Amino acid sequence: MALIVQKYGGSSVADTDSITRVARRIVETKKAGNDVAVVVSAMGDTTDDLIDQAMSIDSNPPAREMDMLMTAGERISMSLLAIAIHAAGLHAYSFTGSQAGFLTDAQFGTAHIKAVKPKRVRRALDKGCVAIAAGFQGVNEGGDATTLGRGGSDTSAAALAVALGADICEIYTDVDGIFTADPRIVPTAKRIPSIDYESMLEMASCGSKVLALRCVEYAQRFRMPLHVRSSFSHRVGTLIVPDGVDPASLPNLG
Ligand code: ASP
Ligand code: MG
């Protein structure tokens with residue numbers, strides 16, 4: 001049995017129909033005999049909308065309050081996803097960043113993860129349930145909610161996968177993996193079947209928006225395989241694996 005961390009980005013959970021679709025996919029993965037821990041982003045443009053609301057009140061809002069505000073987005077998606085998994089017939093627990101054990105420094109808006117202690121996530125998995133953690137958020141030493149920087153849910157997923165000793169961290173998005181150019185703009189762009197961390201880091205630092213840079217750095221440091229793929233198809237996406245690991249040996253490639 002494999003332990004799989006699945007991260008679903010905002011475009012994969014943009015509305016309640018999408019959340020139901022993602023829930024079915026999680027249930028499928030679980031019923032195929034895997035343990036599944038999920039990291040979820042806020043629905044669609046929720047984070048942007050929350051920021052706009054704050055800015056319409058004050059163009060220089062307090063950083064602590066902005067983080068408190070932004071963490072609300074992932075609370076909505078994680079609890080709706082847990083409800084959708086229940087509706088699809090399995091038990092699921094959602095956890096805030098703090099409950100899931102993401103401990104960060106105190107840098108509001110761009111906090112770094114210092115440690116992940118996912119006791120409650122582990123307990124939910126051990127009970128045979130799906131565990132869902134809010135992406136992009138943690139808690140600092142003072143107990144305040146922090147956020148990891150825009151697009152930070154990818155990093156949450158890699159960090160949770162490492163802390164749980166997962167077999168793979170799957171990053172679900174709206175394209176079939178990493179392409180030689182943005183397939184939404186360049187129709188002749190080709191999917192890259194597998195790539196090493198170094199080349200992926202280069203692409204991420206050159207502005208490829210598919211994966212957050214810190215997620216790749218985290219995965220590289222701990223040799224955690226990543227699989228970037230679409231939540232809208234079952235095609236295999238792009239595998240990012242450490243030297244010496246056969247991509248074909250990884251779980252859930254269907
Ligand atoms: N919801 C946050 C953002 O839009 C985090 C993420 O999506 O990864 O930046
Ligand atoms: Mg987002």
Side-chain angles (χ1 to χ4, degrees), residues 5-16 18-19 22 26 37-55 61 63-82 94-100 102 104-105 107-113 116 132-140 144-162 169-175 177-178 182 184 200 203-205 207-219 224 226-232 237 240:
V5 169
Q6 297 190 330
K7 181 260 173 178
Y8 291 94
S11 58
S12 294
V13 293
D15 50 32
T16 49
S18 306
I19 289 178
V22 161
I26 293 166
V38 177
V39 171
V40 71
S41 293
M43 295 168 71
D45 297 327
T46 302
T47 309
D48 289 322
D49 295 343
L50 292 171
I51 294 170
D52 287 347
Q53 278 182 299
M55 292 297 179
R64 177 187 183 277
E65 304 312 324
M66 284 309 286
D67 274 19
M68 190 63 106
L69 177 67
M70 286 191 286
T71 55
E74 273 72 11
R75 276 197 184 223
I76 296 170
S77 52
M78 72 179 196
S79 45
L80 287 176
L81 184 57
S94 64
F95 300 105
T96 63
S98 163
Q99 291 175 326
F102 288 90
T104 74
D105 64 18
Q107 202 59 53
F108 292 119
T110 53
H112 278 79
I113 295 171
V116 186
I132 306 166
F136 169 61
Q137 58 180 265
V139 63
N140 68 20
D144 281 330
T146 53
T147 64
L148 308 179
R150 298 304 306 272
S153 299
D154 292 346
T155 312
S156 308
L160 182 63
V162 168
C169 177
E170 298 181 332
I171 308 279
Y172 285 89
T173 178
D174 53 4
V175 287
I178 311 287
D182 187 338
R184 287 164 295 203
M200 193 58 234
M203 289 180 79
S205 57
S208 160
K209 290 261 177 340
V210 185
L211 263 188
L213 184 63
R214 278 209 233 155
C215 163
V216 186
E217 286 171 348
Y218 213 105
M224 174 56 60
L226 300 171
H227 184 181
V228 181
R229 63 193 308 186
S230 172
S231 72
F232 298 86
I240 305 156

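Each ligand, and each atom within it, is numbered from 1 in the order the structure gives. As the structure is a computational prediction, the values presented were derived from the model and not from experiment.
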Side-chain donor-acceptor contact under 3.5 Å, Ser18 with Asp15
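Yes, because at least one side-chain N or O of Ser18 sits under 3.5 Å from a partner of the opposite role on Asp15.
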What atoms of ligand 1 come within less than 4.0 Å of a heavy atom belonging to Glu74?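 The list of qualifying atoms is 1 (N), 2 (C), 5 (C).
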Check ligand 1 against Ser41 and write out every atom of the ligand that is under 4.0 Å from a heavy-atom position of the residue.
->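 Reading through ligand 1 atom by atom, the close ones are 6 (C), 7 (O), 8 (O).
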Using distance alone, decide if ligand 1 has a nitrogen or oxygen within less than 3.5 Å of any nitrogen or oxygen in [X].
{"X": "Arg150", "answer": "yes"}
{"X": "Phe136", "answer": "no"}
{"X": "Thr47", "answer": "yes"}

Query raised in the report: Given that the side chain starts at C-beta and the backbone is N, CA, C, O, which of these parts of Met70 lies under 4.0 Å from ligand 1, counting heavy atoms, or is it both or neither?
Result: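 Looking at Met70 and ligand 1, no heavy atom falls under 4.0 Å.
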Grab the two heavy atoms, one from Ala133 and one from Leu160, that are nearest each other, plus how far apart they are.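 Minimum heavy-atom separation between Ala133 and Leu160: CB-CD2, 4.3 Å.
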* Asked: Can you name the closest pair of heavy atoms from Ala100 and Val116 and give their distance?
  ->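 Nearest heavy atoms, Ala100 then Val116: O-CG1, 4.3 Å.
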Item to complete: To the nearest 0.5 angstrom, please state how far the OH atom of Tyr172 sits from the NZ atom of Lys7.
Response: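 Going from OH on Tyr172 over to NZ on Lys7, the span is 12.5 Å.
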State which residues pass salt bridge (charged side-chain N to carboxylate O under 4.0 Å, His left out) with Asp144; sequence neighbours excluded, sorted by chain then number.
->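 By the salt bridge (charged side-chain N to carboxylate O under 4.0 Å, His left out) rule, Asp144 matches Arg64.
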Open item on the list: Closer than 3.5 angstrom, by distance alone: can the side chain of Asp105 be matched with the main-chain N or O of Ala111 as a donor-acceptor pair?
Closed with: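 A pair under 3.5 Å: no.
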- Task: Determine, using heavy atoms of Gly9 and all atoms of ligand 1, whether some pair is separated by less than 4.0 Å.
- Result: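 Distance cut 4.0 Å: Gly9 fails for ligand 1.
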* **contact_flag Gly10 ligand 1 heavy-atom lt 4.0 Å** =>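 Not so, Gly10 does not reach ligand 1.
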